[in-house]
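Shown next, in structure tokens, is the structure this report addresses.
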Amino acid sequence: MPRSAILLATTAVLITSAAPPPLPAAPRPGAAAQDRQHSPVRCTRSDDDRGRYRSGGMPLYAPPPMPAPPPPPPPPPSEVVVTGVRQQAPQTSPNGVVVVDSITAQDVGALPDRNVTEALQRVPGVSVNHFSGGNAKAATPTGLVAGNGGIAPYGATDNTERYEGKDVASIQAVASQPVSTFSVDVDTGGYANVRRFLNEGQAVPPEAVRTEEMINYFRYDYPRPSSRDVPFSITTDVALTPWNPETRLMRIGLRGYDVDASGRPPANLVFLVDVSGSMDEPDKLPLVKKALTLLADRLTPRDRVSIVVYAGAAGVVLEPTSNKDYVKAAISCLDAGGSTAGGEGIQLAYAIARANFQKDGINRIILATDGDFNVGVSDNKTLQEMVKKERESGITLTTLGFGEGNYNEAMMERIADVGNGNYAYIDTAQEAKKVLDDELSATLFTIAKDVKIQVEFNPAQVKEYRLIGYENRALAEEDFNNDAVDAGDIGAGHQVTALYEIVPANAHGWLSERRYEGNRAEASGGTGSELAFVKLRYKAPEGGASKLIERPVPASLIASAAAPRGDMAFVTSVAAFGQRLRGDKYLNGFSYSQISRLAPQSADYWRSEFGALVRLADAQSPRVSARE
């Protein structure tokens, strides 16, 4: 094809791709159109005046300045290689990249420009690799991932995503370590983030996978609590392990009591929204606005909402109100730009929440951000100390993560845990609806605080064990009875599932026999009718001394264990998927196709999507491995 034709085609692509998105619709008439003097909305925007804000009497928020224009292109000519994935007849180069066209920008001075490159990257399925000096063959491309808007893949120099993954838990011998203690975890952000990686064709970083969050993303058929005197039911069962004939899987399931909007207390909510420049992406601030609008639609007249924003500084966009139209008007006026003073934003949000504290109600901050704090207080430890201090006042913190490329999940997950809240990652509008609409009561209303689980195994029945997941929730044995030790909270309708892989006393385990007699711990007798003893400790939402629940697990469940089926088959499939993504050596090569076959067919949307993700991981794994 002649070069002129290629350039003409590229120009057409750029014109199509770089067109600005349509302006958002103006807020519908109503409360926001009433007398501005009495409106709690501190900014307004009209369709013909985009980006200009007028204060409603209190100029607490103004849009950050637009970023400086990019520098002019360097004088030496450069070569841009456009790569992508075609649906038919792909042509693969020796390094595994599918080449569509090569365009040399010798005579088009604008082509290397940043804006043009970004526009080209927005073409579906296309990525751009830069090479210096006009010699593509001699250069070493770092590359961009096809189909994800030109974001550099995780691990590349330009990608600053941060995770705090833990190694897969090791095997424990019951004779020397009979007790396992951990905090519950109701976060689901890890699963949604894994889904994002897979849907974009990227390899999933093992450190980004928390198996317990993948398991707890789904609902299971646990019975409802018989009364609110005990806030959750407890279910235990045992099944054969699909990847190891010598072991069994023991499941512990909790289900909290349900509360609808009419049954929950009034809420004092502060939406804390990151409007910095890093949020100026389609999967960030626009998705935040959709998510918070969904939540606004679920508010009751007893609820009050404030909105705080932060970029280079923090400000109030909405004073407390129960009027949904005011909330939506304030959300609609948000635009992104500037640096990220997240610490200052958190401090202001807590101040607003304290000023409007709802006694005997829900007092919660909902932080929506990519976590990329870069001004003021920005390190995780300092932020954690700030949030930890504030939680004692009865104000909890939920974090909603957005975006990619600079996503700081390590901070998002940790401050939600410290803030006695929960963490979710919003990658789609459907996920926003799930978290802030379908599961709103669980997101907002806490029914039990500082929930801890402790399992003591009977050495007469169990020789070895391991807890699948929960590595970052492990507690010391003595922490179980210490009410000063913080643990996870459970919201209305929340479910928590834990899976133990255990070795029966008469089976062949992972650990070899020790040589010296003095190093061989003698297993004591114990009650032969019990497999294990499960204890749960929790506090009421208002605090006070913890309460204890105890349940024996009958040893007969080992003898009657069958292949997992139904709900047990599904949770086993999810656990195996998470562990395979983490590189778990104890899976004995259990494959993606075996994981897929293990999960029962389901009409449930989320379970069906899980099956599709497993098949996607299976299809992508050879290609990802080849490129690595």
task = Before giving the answer on salt bridge (Lys or Arg N to Asp or Glu O under 4.0 Å), spell out for Glu161 and Arg196 the whole-Å C-alpha distance, their side-chain angles and the decisive distance to 0.1 Å.
result = CA-CA 13 Å; Glu161 293 189 29; Arg196 185 257 298 183; 3.1 Å; yes
Next on the checklist: So does Ala603 get a backbone contact from the side chain of Ser608, meaning a donor-acceptor N/O pair under 3.5 Å?
Outcome noted: no
Heavy atoms of Arg248 and Ile558 approach each other most closely as NE-O, 4.3 Å
dist Gln461:CD -> Leu557:CG (nearest 0.5 Å) comes out at 10.5 Å
May I ask you to check whether Glu413 and Tyr425 show a side-chain donor-acceptor distance below 3.5 Å?
no
For Ile252 and Val553, run side chain to side chain contact (heavy atoms under 4.5 Å, CB included): C-alpha distance rounded to whole Å, both residues' side-chain angles, the deciding distance at 0.1 Å, then the answer. CA-CA 10 Å; Ile252 302 171; Val553 181; 6.0 Å; no
In short, salt bridge (charged side-chain N to carboxylate O under 4.0 Å, His left out) pairs touching residues 582-596 with sequence neighbours left out are Arg466-Asp584, Glu471-Arg582
**Salt bridge flag under 4.0 Å for residues Asp427 and Arg195** = yes
- Message: Tell me whether Glu409 is salt-bridged to Arg162, with the criterion being a basic N under 4.0 Å from an acidic carboxylate O.
- Response: no
| field | Full working for side chain to side chain contact (heavy atoms under 4.5 Å, CB included) between Val496 and Asp185 | value | CA-CA 7 Å; Val496 176; Asp185 184 3; over 6 Å; no
So, do Tyr407 and Phe402 have ring centers that fall under 6.0 Å from each other? no
- Look at Lys434 together with Asp438 and state whether they make a salt bridge at an N to O cut-off of under 4.0 Å. no
* To do: Go through Thr428 and Glu431 one step at a time and tell me if the side-chain hydrogen bond (donor to acceptor under 3.5 Å, both in side chains) criterion holds.
  => CA-CA 5 Å; Thr428 64; Glu431 184 67 13; 5.4 Å; no
| task | Carefully, step by step, assess Ile502 and Leu531 under the rule side chain to side chain contact (heavy atoms under 4.5 Å, CB included). | result | CA-CA 10 Å; Ile502 61 175; Leu531 164 64; 3.9 Å; yes
>> Could you go through Thr398 and Tyr423, starting from their C-alpha distance and side-chain angles, then the distance that decides it, and tell me whether this counts as side-chain hydrogen bond (donor to acceptor under 3.5 Å, both in side chains)?
In response: CA-CA 6 Å; Thr398 287; Tyr423 155 65; over 6 Å; no
For Ile346 and Leu383, the nearest pair of non-hydrogen atoms, with its separation, is CD1-CD2, 4.0 Å
Checklist entry - Are side-chain heavy atoms of Val455 and Phe533 found at a separation under 4.5 Å? => result no
* Glu501 and Trp243 side chains, donor-acceptor separation under 3.5 Å -> yes
| request: Fit a plane to each ring of Phe197 and Tyr163, take the angle between them on a 0 to 90° scale, and name the class: parallel (under 30°), tilted (30 to 60°) or perpendicular (over 60°). | output: tilted
Contacts satisfying salt bridge (charged side-chain N to carboxylate O under 4.0 Å, His left out) that involve residues 594-608 (not counting sequence neighbours) are Asp567-Arg607
For Tyr222 and Thr497: C-alpha separation, side-chain torsions, deciding distance, then whether side-chain hydrogen bond (donor to acceptor under 3.5 Å, both in side chains) applies.
CA-CA 10 Å; Tyr222 303 141; Thr497 300; 2.7 Å; yes
Residues Leu536 and Ile234: closest non-hydrogen pair is CD1-CD1, 3.2 Å
Judged by atom type as modelled, is there a donor-acceptor pair below 3.5 Å linking the side chain of Gln594 to the main-chain atoms of Ser591?
yes
Check whether any side-chain heavy atom of Glu200 sits under 4.5 Å from a side-chain heavy atom of Glu404, and report yes or no.
yes
Scanning both residues in full, the closest heavy-atom pair of Ser183 with Gly488 reads OG-N, 2.7 Å
Task: Side chain to side chain, Arg364 and Asn420, heavy atoms closer than 4.5 Å - done: no
Quiz item: Considering only heavy atoms from C-beta outward, does the side chain of Arg251 approach that of Thr236 to under 4.5 Å?
Solution: no
When you measure from the side chain of Asn458 to the backbone N and O of Glu530, does any donor-acceptor pair fall under 3.5 Å? yes
Contacts satisfying salt bridge (charged side-chain N to carboxylate O under 4.0 Å, His left out) that involve residues 532-561 (not counting sequence neighbours) are Asp450-Lys539
* Under 3.5 Å donor-acceptor, Gln620 side chain and Leu198 backbone -> yes
Query - Residues Asp483 and Lys452 bridged, charged N to O under 4.0 Å - result: no
Rounded to the nearest 0.5 angstrom, the CZ-CD distance for Phe480 and Glu456 is 11.0 Å
Requested in this report: Measure from NZ or CZ of Arg580 to the centre of the six-membered ring of Tyr592, then state whether that distance is under 6.0 Å and the direction lies within 45° of the axis.
Outcome: yes
Here the pair of heavy atoms bringing Ile468 nearest to Ala575 is CG2-CB, 4.3 Å
TODO: Walk me through it: do Ser278 and Asp370 pass the test side-chain hydrogen bond (donor to acceptor under 3.5 Å, both in side chains)?
DONE: CA-CA 8 Å; Ser278 68; Asp370 56 17; 2.8 Å; yes
- Is it true that Arg210 and Glu213 have a side-chain N and a carboxylate O under 4.0 angstrom from each other? yes
Should the heavy atoms of other residues, nucleotides or ligands under 6.0 Å from CD of Glu478 be counted, would the total exceed 12?
-> yes
task = May I ask you to check whether Phe218 and Tyr191 place their ring centers less than 6.0 Å from one another?
result = yes
- [ ] Report yes if some heavy atom in the side chain of Leu295 is under 4.5 Å from a heavy atom in the side chain of Asp437; otherwise report no.
- [x] no
Next item on the list: Could you walk me through whether Asp486 and Arg391 pass salt bridge (Lys or Arg N to Asp or Glu O under 4.0 Å), step by step?
Entry: CA-CA 11 Å; Asp486 187 59; Arg391 79 181 178 202; 3.4 Å; yes
Task: Pair Phe232-Tyr257, side chain to side chain contact (heavy atoms under 4.5 Å, CB included): steps then yes or no - done: CA-CA 6 Å; Phe232 34 75; Tyr257 65 77; over 6 Å; no
Quiz item: Given Phe457 and Tyr500, is the ring pair (Phe, Tyr, Trp, His ring centres under 6.0 Å) satisfied, shown in steps?
Solution: CA-CA 11 Å; Phe457 290 98; Tyr500 283 93; 5.3 Å; yes
Close side-chain approach of Asn159 and Pro153, heavy atoms under 4.5 Å: no
task: For residues Thr446 and Ile490, determine if any side-chain heavy atom of one lies less than 4.5 Å from a side-chain heavy atom of the other.
output: no
Heavy-atom nearest pair, Gln495 first then Asn216, reads O-OD1, 3.9 Å
Backbone N/O of Ala492 and side chain of Ser441: donor-acceptor pair under 3.5 Å:
no
Under the 3.5 angstrom rule, does the side chain of Asp479 hit a backbone N or O of Ala476 as a donor-acceptor pair? yes
*asked:* Looking at Arg219 and Gly493, would you say the former's side chain and the latter's main chain have a donor-acceptor pair under 3.5 Å?
replied: yes
One should read off an interatomic distance between Thr241 OG1 and Leu499 CG, to the nearest 0.5 angstrom, of 9.5 Å
Margin query: When you compare the side chain of Val174 with that of Lys463, does any pair of heavy atoms fall below 4.5 Å?
Written below: no
